[in-house]
Amino acid sequence: MTDEQQHSPYGAAPDTGPRLAPLPEKDWDPSARELLALIPRDADGHLPNVFTTLVRHPGLFRHFLPFGSHLLRDGRLPHRTRELLILRTACNTRAGYEWGRHVPLARAVGVTDEEIRRIGAGPDAEGWTPADARLLRAADELHRDARLSAATWSELAADHDETQLIEITMLVGQYHMVAFFLNSAGTRLEPGFETETLPAPTGTGAEASEPAPGEA
């Protein structure tokens, strides 16, 4: 470890910009334009950086997009359930971009600001309903152990059908994969989203580690 890393939070080196920048629109070829035409633009007219970076690998992007879109828009889980799982996964993986983009989505489906702040404290924090605590615990177990414990599976099965149980594991896995990409590429949050600060890593699923670029 360098002296620079030793004196930085979580052992991180200073933020020097993305390792892989979003592809500028002037450089989009017909394939990129076709793929990115499917993505909704933000209020400022720009596309999210995750997509304009990932489109640098158009063959992968073409197959990734339908799966991710299905989980996000057409899945069998209630929207609130989905966002709780995603936000806890963002905490566990220290994915500041994932957190910043999904906090507004969580608010839109009924997750309160108090609950959003509490997600960082994990499933044992006071205030969660038993059902919500089970979801956060599931995200933690999948992050830590790559499987759900027998107890958590049984508890989730009491109020989720088998398709939803499958989707819980696949959703958390999907957002781990996306976090690996975002954190490694150093993808930056867009203006208007960077104000959502990733909570400090606490609880059973999150360990202190090098933060993603741009993480407070």
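Only a predicted model underlies this, so the values are computations on that prediction, with no experimental measurement involved.
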Undergrad: Under 3.5 Å, side chain of D140 to main-chain N/O of P123, donor-acceptor pair present?
TA: no

Undergrad: Any heavy-atom pair between the side chains of L85 and L77 that's under 4.5 Å?
TA: yes

Undergrad: When you measure from the side chain of S154 to the backbone N and O of A150, does any donor-acceptor pair fall under 3.5 Å?
TA: no

Undergrad: For E155, give me all partners under salt bridge (charged side-chain N to carboxylate O under 4.0 Å, His left out), at least two apart in sequence or on another chain.
TA: none

Undergrad: Listed by chain and number, what are the side-chain contact (heavy atoms from CB on, under 4.5 Å) partners of D29, not counting sequence neighbours?
TA: S31, A32

Undergrad: For residues T52 and W28, determine if any side-chain heavy atom of one lies less than 4.5 Å from a side-chain heavy atom of the other.
TA: yes

Undergrad: Once ring pair (Phe, Tyr, Trp, His ring centres under 6.0 Å) is applied, do any residues pair with H160, and if so which ones, sequence neighbours excluded?
TA: none

Undergrad: Going by the rule salt bridge (charged side-chain N to carboxylate O under 4.0 Å, His left out), which residues pair with D161 if we only count those two or more places apart in sequence or in a different chain?
TA: R76

Undergrad: Could you tell me whether the side chain of R118 and the main chain of G127 form a donor-acceptor pair under 3.5 Å?
TA: yes

Undergrad: Can you check whether W99 reaches I116 side chain to side chain, under 4.5 Å on heavy atoms?
TA: yes

Undergrad: By side-chain contact (heavy atoms from CB on, under 4.5 Å), which residues pair with D159, not counting sequence neighbours?
TA: A131, R134

Undergrad: R80: what forms a salt bridge (charged side-chain N to carboxylate O under 4.0 Å, His left out) with it, not counting sequence neighbours?
TA: E115, D132

Undergrad: Is any side-chain heavy atom of P199 closer than 4.5 Å to a side-chain heavy atom of R117?
TA: no

Undergrad: Could you list all the salt bridge (Lys or Arg N to Asp or Glu O under 4.0 Å) pairs where at least one residue sits in residues 47-72, not counting sequence neighbours?
TA: E34-R62

Undergrad: Keeping the roles fixed (side chain from E126, backbone from D124), state whether a donor-acceptor pair exists under 3.5 Å.
TA: no

Undergrad: Would you tabulate the side-chain donor-acceptor contacts of residues 172-182 under 3.5 Å, counting partners in other chains and residues two or more places apart, or write 'none'?
TA:
{"residue": "H176", "atom": "ND1", "partner": "V172", "partner atom": "O", "Å": "2.9"}
{"residue": "H176", "atom": "NE2", "partner": "H143", "partner atom": "ND1", "Å": "2.9"}

Undergrad: Are any of the side-chain heavy atoms of R188 and P22 separated by less than 4.5 Å?
TA: no

Undergrad: With a 4.5 Å heavy-atom cut-off, do F51 and L65 have their side chains touching?
TA: yes

Undergrad: Report yes if the side chains of L72 and L171 come closer than 4.5 Å at any heavy-atom pair, otherwise no.
TA: no

Undergrad: Mind checking whether L198 and Y97 have side chains closer than 4.5 Å, heavy atoms only?
TA: no

Undergrad: With sequence neighbours excluded, tell me which residues meet side-chain hydrogen bond (donor to acceptor under 3.5 Å, both in side chains) with R107.
TA: D113, E196

Undergrad: Of all residues at least two apart in sequence or in a different chain, which pass the side-chain hydrogen bond (donor to acceptor under 3.5 Å, both in side chains) check with E83?
TA: H102

Undergrad: When you measure from the side chain of T169 to the backbone of I166, do you find a donor-acceptor pair of N or O atoms at a distance under 3.5 Å?
TA: yes

Undergrad: Using residues 38-45 as the side-chain source, report each donor-acceptor pair under 3.5 Å to any protein atom, sequence neighbours left out, with the distance given to one decimal.
TA:
{"residue": "R41", "atom": "NH1", "partner": "G45", "partner atom": "O", "Å": "2.7"}
{"residue": "D42", "atom": "OD1", "partner": "R101", "partner atom": "NH2", "Å": "2.8"}
{"residue": "D42", "atom": "OD2", "partner": "R101", "partner atom": "NH1", "Å": "2.9"}
{"residue": "D44", "atom": "OD1", "partner": "H46", "partner atom": "N", "Å": "2.9"}
{"residue": "D44", "atom": "OD1", "partner": "H46", "partner atom": "ND1", "Å": "3.4"}
{"residue": "D44", "atom": "OD2", "partner": "H46", "partner atom": "ND1", "Å": "3.4"}

Undergrad: With sequence neighbours excluded, what pairs up with E162 under the salt bridge (charged side-chain N to carboxylate O under 4.0 Å, His left out) test?
TA: none

